[in-house]
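To start, the structure itself, in structure tokens.
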Amino acid sequence: MSTKRTLDAFFTPTAKKSRKEDESAEIIRHSTHASYPMAISELPSSISKELSSLPARPGREINDQPDLDLIYYEPYIPSYLTNKLFEFLRSELPFHRVEYDINRGGYKTHIRTPRYTTVFGLDETARFDEDGSVVDAKSGFKVDDKRYERYPPRPIPKCLDDLRRSAEAATDCRFNFCLVNYYASGADSISFHSDDERFLGPDPAIASFSLGARRDFLMKHKPVAPDDQNPDRPQPKQLKLPLASGDMILMRGRTQSNWLHSIPKRTGKNAGDGGRINITFRRAMVKDGTENYYNYNVGTGPVYRWDKTMREMRLSSAKDQLEGKP
DNA sequence: GTACCTAAGCTAT
DNA sequence: AATAGCTTAGGTA
């Protein structure tokens, strides 16, 4: 942006500001909470308003395979919004690279999650009251200190809650959790799994948004038990959806109990041109869900934030966080 | 066609 | 909720 401006022009009151100046002049509000590592900016009100009137096009049902029940919004968010939203969320959200140990064939292996993650939300048995305290959903009384001892639950910040409310209106589903993944390059991935945890209840509905680089989303049916009636029955076919910026997939019904999905590693020109953000909304029914999601998507490690100069995720020091620096 | 290369897919741990 | 190592697929000269 040019900073050149004559003194005359500076002192001459302008009748009307340009649209761009109006946006930059807007007072930026923040979502704050004791559990946040730093305040999280709200979206400019113009973008926030536009999210409320989505999707851009109706979704398409994909249910031509056994146990598969998807609605594919291609796109959900129009292209003139996706770039701003992607850049905004990548810059504003606190991310983590969670590490943990697993047992693999008798050997202990250390895992460094191959993507950046973050999470906000609280299961159905509790809610945040007006001043941010966690209260029991039924009684309204502040919960026992030991109930969410390991990780203080974090309310969904307004910038993500705008999208949550949009998704609820579009799908007629209810969501209380928001998981965010950042795949920095084709080397970042998630292996085949289902979102079939008990704490989501049976047949959970999950809304999954894509922003940024296009990445392949693979789906395959869980292994089918041999069928005495028809031993040669063909296996359900595998799907490959090239998810693009602004797309949304609603997975529902028997999908999670019967299908696996993944974002495989990609190399070379198939790696995806830059980073990709995935945002999923879901509804955890019990306390275990809150514990599990914070454990695997926040953990106990440091915060990473997007460095606009280096154009990469950087460790964010405690000092910077206190001072509200990026 | 065939050798050679890279990427993608599969499987045991 | 993952990875290494092997096999297979696919492109190109």
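The sequence lines fix the lettering, A, B, ..., with proteins before strands; numbering per chain opens at 1.
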Just checking A/Phe209 against A/Tyr73, ring centres under 6.0 Å apart?
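No, the ring centres sit 6.0 Å or more apart.
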Between A/Tyr116 and A/Tyr304, does the ring centroid distance fall short of 6.0 Å?
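Yes, the ring of A/Tyr116 comes within the 6.0 Å limit of the ring of A/Tyr304, centre to centre.
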Does [N] have OP1 or OP2 under 4.0 Å away from a side-chain N or O of [X]?
X: A/Arg266; N: B/dG9; answer: yes
X: A/Lys240; N: B/dG9; answer: yes
X: A/Thr267; N: B/dA8; answer: yes

Does the plane of the ring in A/Phe128 sit parallel, tilted or perpendicular to the ring in A/His33? Use 30° and 60° as the thresholds.
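It falls in the perpendicular class, over 60°.
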Face-on cation placement of A/Arg164 at A/Phe175 ring, 6.0 Å and 45° thresholds
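No, A/Arg164 does not lie over the aromatic ring of A/Phe175.
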With a 4.0 Å cut-off on heavy atoms, is [X] in touch with a base, just the backbone sugar-phosphate, or nothing at all?
X: A/Lys220; result: nothing
X: A/Ile102; result: nothing
X: A/Asp101; result: nothing

DNA chain C-proximal residues of residues 110-121 of chain A, any heavy atom under 4.0 Å
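Within residues 110-121 of chain A, the residues near DNA chain C are A/Ile111, A/Arg112, A/Thr113, A/Pro114, A/Arg115.
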Please report, rounded to the nearest Å, how far the C1' atom of C/dA1 is from the OH atom of A/Tyr294.
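Going from OH in A/Tyr294 over to C1' in C/dA1 covers 18 Å.
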Distance, rounded to the nearest Å, where A/Gln238 contributes CD and B/dA8 contributes P
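Taking atom P of B/dA8 as the reference, CD of A/Gln238 is at 14 Å.
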Readout for nucleotides 6-13 of chain C: B = base within 4.0 Å of protein heavy atom, S = sugar-phosphate only, - = neither; 5' to 3' it is --------
Okay, side chain of A/Ser166, backbone of A/Ser52: is any donor-acceptor separation there less than 3.5 Å?
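No, because the side chain of A/Ser166 does not come within donor-acceptor range (under 3.5 Å) of the backbone of A/Ser52.
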A/Asp129 (side chain) donor-acceptor with A/Ser133 (main chain) under 3.5 angstrom:
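A pair under 3.5 Å: yes.
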Would you call A/Arg215-A/Asp188 a salt bridge at under 4.0 Å N-O?
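The answer is no: the pair does not qualify as a salt bridge.
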Is any side-chain N of the basic residue among A/Arg283 and A/Glu124 closer than 4.0 Å to the acidic one's carboxylate O?
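Yes.
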For A/Ser41 and A/Glu92, which I'm curious about, is there any donor-acceptor pair between the side chains at under 3.5 Å?
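There is such a pair between these side chains.
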